[in-house]
Amino acid sequence: MEQQVVIAGGGPVGLWLAAELRLGGVSVTVVEERTEIDRRSKALTVHPRTIEVLASRGAHEAFLAEGTPIPGGHFAMLDDRLDFRVLDTPFPYTLSLPQARTEELLEERALALGARTARGHRVTGFTAHADSVTVRVEGRDGVPHELRAAYIVGCDGSRSTVRTAAGIDLPGTPATVVGWLGDVVLDDPPRPGFSAFGPQGGVMAVPLPGGRHRVVGVSPDGLTTEWPGDLGMEELRAKVVAVTGQDFGMRDPEWLSRFGNATRLAAQCRRGRVLLAGDAAHQHFPAGGVGMNVGIQDAHNLGWKLAATLGGWACDGLLDTYHTERHPVGAQLMEHSRAQTALMTGFTPEGLDLRSLLSGMIATQPAFNRALSERLTALAVAYPPADPAAHPLTGTRAPDLAFAGSANGLFARLRADGYVLLDLTPDRALAGLAGRRLTVLTAALDRPPAVWAGVRAALIRPDGHVAWAGTETDDASLAAAARRALATRRSP
C-alpha cells in the first residue's frame with residue numbers, strides 16, 4: 001500500500017490528523033475536492049484548548065503571531081461575555097484568525113512532515129476488506145482511480161461521503177432556525193466585540209483582515225423550517241437596521257450566506273476500518289465558534305491511537321476508545337449548541353428575561369462564568385477511566401505543569417508517538433522504566449495545582465490527558481503501580 005491511511009477532506013481537521021499521523025510514522029494521503037483553500041472562512045475562532053493542542057506539538061507560535069487575542073467569548077450573544085482570563089491555561093483567550101489562514105498553516109505543517117495531498121480529487125466511495133480499504137477517487141480530469149489503505153477517515157464535512165458509504169446513521173433534529181451572515185465593508189464600524197439583541201433579532205459584528213467585518217445574526221423571521229433562498233445585500237441591511245437602528249455604512253459584500261440549526265450526531269465514530277471526525281461526525285448551529293475546534297480535538301484524540309494501532313504499540317481495543325471518548329463530547333456539543341440556539345431565538349418577553357438572568361449570572365457569579373467557560377473551551381473535557389477507583393485526575397486534561405528550574409512546561413515535553421511518565425519522586429524512583437515509546441521526565445513541580453497535591457507520578461497520553469496518577473508513598477509500591485499502568489496501555 002502506498003499509504004496506510006486515506007483522509008477524505010483537507011480542512012483543518014483532516015490536516016491536523018495528517019500531521020499527527022506523520023509524527024507517529026504513518027504514511028497518509030489527504031484527498032480534498034477543492035483545488036485551493038476557500039477564502040470564505042466559516043470559522044474565525046481558535047479556542048484555548050485548541051491552542052494548547054497546537055502548543056503540545058510546538059505548532060502554536062505562528063497562530064499566536066497572526067491571531068488577535070480576545071480575552072473571552074460569547075455564549076448565545078448574551079450581553080455579558082464570558083471572561084476567559086480566569087482559566088487555568090497559558091492561553092486564557094480566543095484567537096481571532098480566519099479559517100483560511102488556519103488551513104494554510106496546518107497544510108504547510110502536514111506537508112513539511114511528509115503527508116501527501118491530492119487537491120482537486122474527490123472520494124466517491126470505498127470497499128472495506130478484512131485487512132484494508134480500497135478507496136475510489138475521482139481525479140481532476142474526472143478519471144476514476146483507486147487508493148488502497150489500512151484505514152479511511154472521513155473529515156469531509158456534514159454531507160460526508162465516507163459516513164454515507166459506511167452506512168453510519170446521523171440521527172438528530174432538523175433545522176428550525178435559519179441564521180445569516182455577510183462579510184462586508186463597514187464605513188462606520190461598531191466597537192470590537194459588538195453585539196445587540198432585542199425583539200427584532202440579534203446581531204454581532206466581528207473584524208476581519210483586509211478591512212472587512214463579518215455581520216452575523218438571527219431574526220424572528222428565521223424561525224422556520226422553510227429555506228428562504230439566497231441572502232441579498234438589501235435583506236442583510238434591513239435585518240441589521242431592524243436590530244441596531246443603523247447599517248454602519250455597510251457595502252461591498254464579499255460573501256453572503258445563511259445557515260441552519262440542524263443538530264445531528266453520528267451513531268458511531270468508528271465502524272471497522274472507517275472513522276469519522278469533525279463535521280462528518282457532528283453537525284450543529286455555529287454558536288460560540290466551537291465547531292472547528294472540536295473537530296481538531298477529535299483529530300488529536302484519534303491521531304495517536306491510529307498511529308499506535310498501525311505501529312503495533314497499541315494495547316488491545318485502543319482504537320475503539322476513540323468512539324467511547326469522543327462520542328460523549330459530541331453529545332455535549334449538541335446540548336450546548338441547542339441551549340445557545342434557544343437563547344439566541346428568545347425574542348419573546350420571557351426569552352428576553354431568561355437572557356437577562358443568565359447574562360447577569362455570568363457577570364456576577366465567578367463560579368458560573370468559570371464552569372461555562374471551561375465547557376465552551378473544552379478545557380473541562382475528561383474521559384471517564386475504566387477503573388472507577390482510579391485517581392480523580394485520570395482522564396482529565398493535564399495542564400501545562402511548570403517544573404522547578406526549567407523554562408519549559410509539560411506541553412513542550414509531550415510527544416505524539418509515545419507516553420510521558422512524570423517521575424516526581426526526589427530519588428528518580430521510576431527512571432528505569434524509560435523505553436522507546438516512553439519518556440520518563442524526572443522533575444519537581446513548581447507551584448502545582450491543588451488537585452495535583454500528593455501525586456508522586458503520572459502517565460500522560462500523547463493527547464495530553466492523564467492516563468494514570470500514583471500517590472503511593474513507598475517508592476517500590478509506586479514503581480510497581482506504574483508498571484501495572486504501563487502494562488495495560490502498551491502492546492506486550
Side-chain angles (χ1 to χ4, degrees), residues 12-13 16-17 19-24 46-61 63-64 87-92 95 106 109 277 290 293-308 313-315 318 321-322 324-326 328-329 332 374-375 377-385 390-403 406 408-424 437-441 443 445 448-449 451-452 455 457-470 485-486 489-490:
V13 178
W16 185 256
L17 177 59
E20 286 292 282
L21 291 171
R22 288 301 303 139
L23 288 174
V46 184
H47 275 286
R49 179 55 186 158
T50 302
I51 308 174
E52 290 187 349
V53 165
L54 298 170
S56 72
R57 302 293 183 256
H60 62 303
E61 294 294 348
F63 289 82
L64 297 182
L87 298 175
D88 179 20
T89 174
F91 315 107
L95 287 178
L106 295 183
R109 175 177 171 78
V290 298
N293 294 272
V294 175
I296 290 174
Q297 293 153 24
D298 285 345
H300 200 57
N301 182 286
L302 174 60
W304 72 275
K305 294 175 179 178
L306 190 50
W313 58 277
C315 62
L318 178 64
T321 67
Y322 173 62
T324 59
E325 291 185 347
R326 293 306 294 178
V329 173
Q332 292 172 2
E374 288 176 341
R375 178 162 183 164
T377 61
L379 295 177
V381 168
Y383 304 129
H391 189 279
L393 284 175
T394 308
T396 65
R397 150 199 160 269
D400 193 25
L401 297 169
F403 302 108
S406 175
N408 292 325
L410 177 62
F411 293 165
R413 314 295 185 92
L414 296 178
R415 50 187 292 184
D417 62 345
Y419 291 84
V420 172
L421 179 61
L422 299 181
D423 180 358
L424 307 178
R437 300 291 182 181
L438 178 68
T439 298
V440 177
L441 177 59
L445 294 182
V451 292
W452 282 74
V455 175
L459 185 64
I460 312 300
R461 305 180 348 175
D463 61 358
H465 283 255
V466 178
W468 166 83
L486 288 167
R489 287 170 175 84
R490 295 189 299 181

Novice: Looking only at non-hydrogen atoms, find the nearest pair between Leu414 and Gly464 and report the distance.
Specialist: CD1-CA, 3.9 Å
Novice: Could you pull out the closest heavy-atom pair between Ala458 and Trp452, with the gap in Å?
Specialist: CB-CZ3, 3.7 Å
Novice: Between Trp16 and His300, how do the two ring planes meet: parallel, tilted or perpendicular, split at 30° and 60°?
Specialist: tilted
Novice: I'd like to check Pro462 versus Arg57 (side-chain heavy atoms, cut-off strictly below 4.5 Å). Are they in contact?
Specialist: yes
Novice: Determine whether Val381 and Arg397 make a side-chain contact, defined as any pair of heavy atoms from C-beta on separated by less than 4.5 Å.
Specialist: no
Novice: Strictly distance-based, threshold 3.5 Å: is any side-chain N or O of Arg437 a donor or acceptor partner for the main-chain N or O of Asp417?
Specialist: yes
Novice: For a quick test of reading the model, state the closest non-hydrogen atom pair linking Thr396 to Pro392 and the distance between them.
Specialist: CG2-O, 3.7 Å
Novice: Mind listing the closest non-hydrogen atom pair of Ala469 and Val455 along with its distance?
Specialist: CB-CG1, 4.4 Å
Novice: Working to the nearest 0.5 Å, report the span between CG of Asp423 and OG1 of Thr439.
Specialist: 13.0 Å
Novice: Have Ser406 and Arg413 got a donor and an acceptor in their side chains that come within less than 3.5 Å?
Specialist: yes
Novice: Less than 4.5 Å apart, any side-chain heavy atom of Phe91 and any of His60?
Specialist: yes
Novice: Could you tell me the separation between the CG atom of Leu95 and the CD1 atom of Ile51, rounded to the nearest 0.5 Å?
Specialist: 3.5 Å
Novice: Once side-chain hydrogen bond (donor to acceptor under 3.5 Å, both in side chains) is applied, do any residues pair with Glu325, and if so which ones, sequence neighbours excluded?
Specialist: Asn301, Lys305, Arg461
Novice: With heavy-atom distances below 4.5 Å as the criterion, would you say the side chains of Asp88 and Leu379 are in contact?
Specialist: no
Novice: Atom CG in Leu401, atom CG in Asn408: separation rounded to 0.5 Å?
Specialist: 13.0 Å
Novice: Could you give the distance from CG (Asp298) to CG (Asn293), rounded to the nearest 0.5 Å?
Specialist: 11.0 Å
Novice: Side chains of Leu23 and Trp304: does their closest heavy-atom pair fall under 4.5 Å?
Specialist: no
Novice: Residues in salt bridge (Lys or Arg N to Asp or Glu O under 4.0 Å) with Asp400, at least two apart?
Specialist: none
Novice: Within a strict 4.5 Å, meaning less than it, do heavy atoms of the Val46 and Ile296 side chains meet?
Specialist: no
Novice: Output the distance between atom CG (Leu410) and atom CZ (Phe403), rounded to the nearest 0.5 Å.
Specialist: 5.0 Å
Novice: Specify the closest pair of heavy atoms between Ala307 and Gly24, including all atoms of both residues, with the distance to one decimal.
Specialist: CB-CA, 3.9 Å
Novice: Could you give the distance from NE2 (His465) to CD1 (Ile460), rounded to the nearest 0.5 Å?
Specialist: 10.5 Å
Novice: Using every non-hydrogen atom in the two residues, find where Val420 and Arg415 come nearest and quote the distance to one decimal.
Specialist: CG2-CG, 4.2 Å
Novice: Taking side-chain hydrogen bond (donor to acceptor under 3.5 Å, both in side chains) as the definition, give me every residue that meets it alongside Arg49, ordered by chain and number, with sequence neighbours left out.
Specialist: Glu52
Novice: Could you point out which residue of Leu54, Leu17, Val13 forms a side chain to side chain contact (heavy atoms under 4.5 Å, CB included) with Leu106?
Specialist: Leu54
Novice: Under 4.5 Å between any side-chain heavy atoms of Val294 and Arg326, yes or no?
Specialist: yes
